[in-house]
Amino acid sequence: NQKDIQALPTLGSEPDVLKSLQYLPGVISGNEGSNNISVRGSNQWGNLILLDEAMVYNPNHALSFFSVFNNDAIQQVSLYKSYFPLKYGGRTSSVIDVKMREGNNQEKHRSATIGVIASKIQLEGPIKKGKTSYLVAGRFAYPGAVLNVLKQFRGTKMSFYDVNAKINSTLNDRNRIFFSVYNGGDHTFFNQLVRGYGMNWGNTTAFRWNRVWTDQLSGNFSAIFSNYYYRYKSITDGMKFLWKSNIQSYQLKYDADYAVNNALHIRSGLSAHVFTTMPGSISSW
């Protein structure tokens, strides 16, 4: 959970969800110091990573040294390393299911921090007391400012941001709705290693409706949109190139849970998933 992640050793006092998983058995870093997680010898692409049920295609910032998950916005993380519940579909290595916090529906809270690598702000409170609440958490990081202290990295620009937002509302005793949004981006420029290198990516949106039909039967309907895109800039032999690529997914699914008794639950569901991709396009800039 959030407090466990906060208590672990961190880089630049910035708690990291994916790095915290590397303390668990069978989980290691694919590359030293990075967030490319390898579970029992697999590569990172065998991991399914979800944020409030929305698929996260690239979970990393700053060349994989930081994850896209702002710990202030996270409630808990579930890692499945062997048996994957059927609702997650198929993956060869693991499932990392990240749940965002729900805002306080009783009173307002405001907080802000300034760190060596990142600064953060968090807002939460009730929209309608006891019924509807909101949570907004933002993070802006500037690891490039730290790297510039080293001579070999002079002129380096590296920064990223994250914005997490969530609204949840209890309509009545049987109906709840949730709306979650994540947006993040990176900007990187290497003066010494690569001339003119820039990256920007990522947003996910998820809407969920949870309904209790009877004392035994409940259902969860989800409409999810995920988008991963990047822009890569490069200067080679005096020529400027801009490479663009993206993948988008649209998903509708319904999960049902029937409680036969306290010891037996029957779960079922349907899912439809559509992808659109642009592998790459090149233009001048």
Side-chain angles (χ1 to χ4, degrees), residues 1-4 17 21 24-27 39-40 46-57 59 69 73-106 126-135 164-182 204-226 248-275:
N1 59 40
Q2 185 191 49
K3 290 183 178 180
D4 294 333
V17 170
L21 297 179
L24 299 176
V27 183
V39 178
R40 293 175 176 163
N47 305 316
L48 173 63
I49 301 177
L50 303 172
L51 177 62
D52 269 4
E53 298 191 22
M55 191 179 299
V56 179
Y57 289 98
F69 303 113
I74 301 305
Q75 177 68 33
Q76 67 177 30
V77 183
S78 300
L79 171 66
Y80 299 88
K81 296 184 294 182
S82 54
Y83 162 72
F84 309 148
L86 190 60
K87 67 177 182 178
Y88 291 116
R91 273 302 190 275
T92 58
S93 303
S94 71
V95 174
I96 301 170
D97 190 0
V98 182
K99 300 295 185 185
M100 285 175 55
R101 290 180 51 229
E102 297 176 8
N104 192 311
N105 63 9
Q106 297 298 323
I127 297 175
K128 184 177 181 181
K129 195 169 183 178
K131 292 285 188 178
T132 306
S133 65
Y134 69 90
L135 170 74
N164 294 80
K166 187 171 185 177
I167 294 175
N168 73 91
S169 179
T170 303
L171 303 180
N172 50 49
D173 291 342
R174 292 187 178 272
N175 292 277
R176 292 188 70 188
I177 58 173
F178 307 84
F179 184 69
S180 306
V181 175
Y182 165 81
T204 58
T205 304
F207 168 80
R208 288 190 296 130
W209 168 38
N210 184 273
R211 175 171 174 80
V212 178
W213 295 99
T214 68
D215 292 341
Q216 291 178 294
L217 179 64
S218 63
N220 190 74
F221 171 79
S222 303
I224 302 164
F225 168 73
S226 295
Q248 296 178 335
S249 69
Y250 307 83
Q251 185 177 14
L252 294 176
K253 66 176 186 174
Y254 189 81
D255 300 302
D257 187 317
Y258 182 74
V260 179
N261 52 49
N262 291 335
L264 178 61
H265 283 244
I266 298 175
R267 295 186 173 95
S268 61
L270 296 170
S271 176
H273 210 158
V274 177
F275 297 88

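Across Lys253, Glu53, Lys87, a single residue satisfies side chain to side chain contact (heavy atoms under 4.5 Å, CB included) together with Asn220, and that is Glu53. Of the candidates Tyr250, Phe275, Phe207, Phe225 forms a ring-ring contact (aromatic ring centres under 6.0 Å, His included) with just one, namely Tyr250.
Pro59 approaches Phe69 most closely through the heavy-atom pair CB-CE1, 4.5 Å. Residues Asn105 and Thr132 approach most closely at CB-O, 4.4 Å, considering heavy atoms. Between Phe84 and Ser93, the shortest heavy-atom distance links the atoms CZ-O, 3.2 Å.
At distances below 3.5 Å, at least one donor-acceptor pair connects side-chain atoms of Gln216 with backbone N or O atoms of Ala259. Judged by distance alone, with hydrogens and angles left aside, the side-chain atoms of Arg211 form no donor-acceptor pair with the main-chain N or O of Arg174 at under 3.5 Å. Panel note: side chain Asp97, backbone Ser78; no donor-acceptor pair is recorded below 3.5 Å.
No more than 12 heavy atoms of other residues, nucleotides or ligands lie within 6.0 Å of CG in Asp215, so this atom counts as exposed by the packing criterion. Surrounding CG of Leu264 are more than 12 heavy atoms belonging to other residues, nucleotides or ligands, all under 6.0 Å away. In the displayed structure, Asp173 atom CG is contacted under 6.0 Å by at most 12 heavy atoms of other residues, nucleotides or ligands.
Taking OH from Tyr258 and CD1 from Ile266, the interatomic distance works out to 7.5 Å, rounded to the nearest 0.5 Å. Interatomic distance, NZ of Lys99 versus CG of Asn1, reported as 15.5 Å (0.5 Å rounding). Distance CD1/Ile74 to CE/Met100: 7.0 Å, rounded to 0.5 Å. The line from CD1 of Ile224 to CG of Asp52 is 9.5 Å long, rounded to the nearest 0.5 Å. The CG atom of Asn175 sits 8.5 Å away from the CG atom of Asn210 when rounded to the nearest 0.5 Å. A distance of 5.0 Å separates CZ of Phe221 from CG of Leu252, quoted to the nearest 0.5 Å.
Scanning for side chain to side chain donor-acceptor pair (under 3.5 Å) contacts around Ser226 gives an empty result, with sequence neighbours left out. Partners of Asp255 by salt bridge (Lys or Arg N to Asp or Glu O under 4.0 Å), not counting sequence neighbours: none found. With sequence neighbours left out, His265 forms a ring-ring contact (aromatic ring centres under 6.0 Å, His included) with no residue at all. Taking the salt bridge (Lys or Arg N to Asp or Glu O under 4.0 Å) definition, one finds that Asp4 meets it with nothing, sequence neighbours left out. For Asn168, the side chain to side chain contact (heavy atoms under 4.5 Å, CB included) partners at least two apart in sequence or on another chain are Glu102, Ser133, Arg176, Phe178. Residues satisfying the salt bridge (Lys or Arg N to Asp or Glu O under 4.0 Å) criterion with Arg40, sequence neighbours excluded, are absent altogether.
When side chains are defined from C-beta on, Val17 does not count as touching Ile96, because their heavy atoms never get closer than 4.5 Å. Side-chain contact between Leu50 and Tyr88 is present, with at least one heavy-atom pair separated by less than 4.5 Å. Counting only heavy atoms from C-beta outward, the side chains of Gln106 and Lys129 approach each other to under 4.5 Å. Counting heavy atoms from C-beta on, the side chains of Val98 and Tyr182 never come closer than 4.5 Å. Val181 has its side chain out of reach of Lys166: every pair of non-hydrogen atoms, C-beta onward, lies at least 4.5 Å apart.
For Ser94 and Asn47, the side-chain atoms include at least one donor-acceptor pair closer than 3.5 Å. At a cut-off of 3.5 Å, with distance as the only test, no side-chain donor of Ser222 or Gln251 sits close to an acceptor on the other residue.
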